[in-house]
Amino acid sequence: VQIKRLLLSEMVSRVCKNVIRARLREKMAEIKLPSVQAYRDVVLKCLNLTFGCKQRSLDYWTSVRLTSMKGQLMDKFEDSLEERELDCSFDLRQNLDIRHTFWRLLSMSSIHLSAKAQKEFHRQPTEFEFVGPDLEDLSVRVKHMNIIDLNTAIVCGLEASEKYGAEYDRLFALAESKFKSSLASLPNCSESFYHWGRLLHDKAKRSDRVELYWEAEDRYRNSLEIQPRAEVKCHLGMCLYDMGCLLLRLALQSAAAIRKDVSMSSSDPTIPDASAMSPPRPSGPTKTLSPHHSHAMTDSGGDSNRDFLDYVADSLMAYQRAMHYNPNVIEHIMSQSRMVVRGLTEQRLQDSGGKYRSRGADQFMKARSPPLSPKETSLFDMLAFGT
């Protein structure tokens, strides 16, 4: 329901923007004079018609005429309204977030209102009428090509990769803001999503934060949805591989914590040191694969109290997706998994392994389509059963 309200609010704000621009063009053709006041009057009239509290505003939101909100909304976004919303007695404002619609309209149309007017409207959006002093300025919104913002973001990202500490954080924030600006100008830019994913991937490796890997994965996927490319698939596979390695390190740390709680007197720990683990980086081109997405990972963000079996299950899901996008990582995954399973087995956690078989294994088998390849079956047996 909330998503529907948000989508409807976004559609209405775009219709309002188009209406205002159409009215301004009509006024320009009518008066043919550089008179600012005439255009200010047009904007105020449109704002009061859309967000006002008088009867004409109610008629504008309930009527189904072509010049009403419902008529223009259906003309621009076909099938955007349900049958009950098309009823002449239904006020469409009940099904949208009027505040969100207002702020989106201001951001898209470059209408500048006074701070007091904005505050009053936010406090009472259904009982407000705009007057002349509320409108401070009308500016021109110019759309630029995104190439400048994109190249600036890429350069900032490359410079950030050579920095540390506060300087890295500053360059990272600058690069991310430029990526957002680039996508605001061209939302379907595959390159912007791809390089943004690489930026997040680099930060995730620096900070060992699983949520950053998730964000990087989403950016890579956005890039692939717009333009499938082998290069993006390869980096997405490597991102998922790195995420799986991080989750296995967290599993080892969790297993070590379990053993410490169980027996404080153990003097010969055999679990590998997580900080010393440095998995090899896969390289080389990836094969072209059919789209496949299995997002069954549970929520994780480095919680030290989390059961190590959950980490192992999540790492298995990350590895499974990594192999889909970049089959070259399979050998590295096999090697990494053997070391982990050996450490877990030597710690006599077979009972917990049985517990894992009832949870993580079922998750993996249900999410996997098409069926497992022989190598994937071997990997699954090692992680799930310790063989």
Min side-chain heavy-atom separation K203-L200 under 4.5 Å:
no

Is it the case that the ring center of F102 lies less than 6.0 angstrom away from the ring center of H122?
no

Where the side chain of S57 meets the backbone of N48, is there a donor-acceptor pair that is under 3.5 Å apart?
yes

Tell me, do Y168 and D202 make a side-chain contact under 4.5 Å, heavy atoms counted?
yes

Considering all heavy atoms, the nearest D137-R40 contact:
N-NH1, 4.4 Å

Going by heavy atoms in the side chains, are Y164 and R206 under 4.5 Å from each other?
yes

Does I31 CD1 have over 12 foreign heavy atoms under 6.0 Å away?
yes

Side chains of E225 and Y220, donor plus acceptor under 3.5 Å
no

Validation row: S63, K70 side chains within 4.5 angstrom (heavy atoms):
no

Is there a donor-acceptor pair under 3.5 Å between the side chain of Q118 and the backbone N or O of L113?
yes

Check the side chains of N146 and S182 for a donor-acceptor pair under 3.5 angstrom, ignoring hydrogens and angles.
yes

Near L58 CG, under 6.0 Å, is it more than 12 heavy atoms from other residues, nucleotides or ligands?
yes

Going by side-chain contact (heavy atoms from CB on, under 4.5 Å), name the residues that satisfy it together with E162, two or more places apart in sequence or in a different chain.
none

Measure up the W196 and F193 rings against each other and bin them: parallel (under 30°), tilted (30 to 60°), perpendicular (over 60°).
parallel

Measure across Q72 and T67 and return the closest heavy-atom pair with its distance rounded to 0.1 Å.
NE2-O, 3.1 Å

Any side-chain donor-acceptor pair under 3.5 Å between S223 and S190?
yes

Is the count of non-hydrogen atoms from other residues, nucleotides or ligands lying under 6.0 Å from E78 atom CD greater than 12?
no

Is any side-chain heavy atom of Q227 closer than 4.5 Å to a side-chain heavy atom of Y194?
no

R219 side chain near L199 side chain, heavy-atom distance below 4.5 Å
no

Is the distance between the ring centroids of F121 and F51 under 6.0 Å?
yes

Residue from R5, R104, K4 passing salt bridge (Lys or Arg N to Asp or Glu O under 4.0 Å) with E10:
R104

Going from CZ on R229 to NE2 on H235, what distance comes out if it is rounded to the nearest 0.5 angstrom?
10.0 Å

Heavy-atom nearest pair, E85 first then N95, reads OE2-ND2, 2.6 Å

Taking CD in E83 as the centre, count heavy atoms belonging to other residues, nucleotides or ligands within less than 6.0 Å. Is the count above 12?
no

With side chains defined as the heavy atoms from C-beta onward, is the minimum distance between D314 and V210 less than 4.5 Å?
no

Please report the interatomic distance NZ(K180) to OG(S192), rounded to the nearest 0.5 Å.
13.5 Å

Assess, by modelled atom type and distance only, whether the side chains of R321 and Y241 contain a donor and an acceptor separated by less than 3.5 Å.
no

